[in-house]
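First the structure, in the form of structure tokens, and then the observations on it.
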Amino acid sequence: MSTMPRRKFIQLSAVTAAAYLATPGREVRADDLPHLSPDDPMAKAMKYTHDTSTVDAGSRTNPAADQNCANCALVQGADGDEWRPCQIFPGKAVAANGWCSVWAPKA
Ligand code: SF4
């Protein structure tokens, strides 16, 4: 059995995890991130949804029906992943089939 006090172990673990996630040059992986909740105040403000098919086309900034997070210029991570980081919602993963009012076409 370890002689390290439990509290100290938890503190060291938290610091190590934070340092790992904040390492410059380290690619952010959606697996590391909690999923963005549509109930998050920022998500609500941007009309984020996990399912783009539920969006009223009249509320889209562009009328294209095929807008989703996977084809947005602001999404990060790997093509084909179900959940991906997004520049608008740092620290959270968005659904590839999601959408928000900030959607922008890839160049
Ligand atoms: Fe999805 Fe783009 Fe909105 Fe991010 S900015 S949530 S990738 S539509």
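None of the values given here were measured: they were computed from a predicted structure. Remember, it's 1-based here, ligands and their atoms both numbered in the order they're listed.
Atom 1 (Fe) of ligand 1 has Cys69 SG as protein N, O or S atoms under 2.8 Å away.
Which parts of ligand 1 touch Phe89 is read off a 4.0 Å heavy-atom cut-off, strictly below it: atoms 6 (S).
Summarising the geometry, atom CD1 belonging to Ile88 is positioned 13.5 Å from atom CH2 belonging to Trp103; distances are rounded to the nearest 0.5 Å. Atoms CG and CZ, from Leu74 and Arg84 in turn, are 11.5 Å apart once rounded to the nearest 0.5 Å.
Taking both residues in full, the closest heavy atoms of Cys69 and Ala95 are given as CB-O, 3.1 Å, listed atom of the first, atom of the second, then distance.
Under the side chain to side chain contact (heavy atoms under 4.5 Å, CB included) rule, Trp99 has a single partner from Val94, Asn68, Thr54, Thr52, which is Thr52.
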Exercise for the section: Determine, stepwise, if the pair Gln67 / Val55 fulfils side-chain contact (heavy atoms from CB on, under 4.5 Å). Expected result: CA-CA 10 Å; Gln67 295 175 1; Val55 179; over 6 Å; no

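By the 30° and 60° cut-offs, the orientation of the rings of Trp83 relative to His50 is perpendicular.
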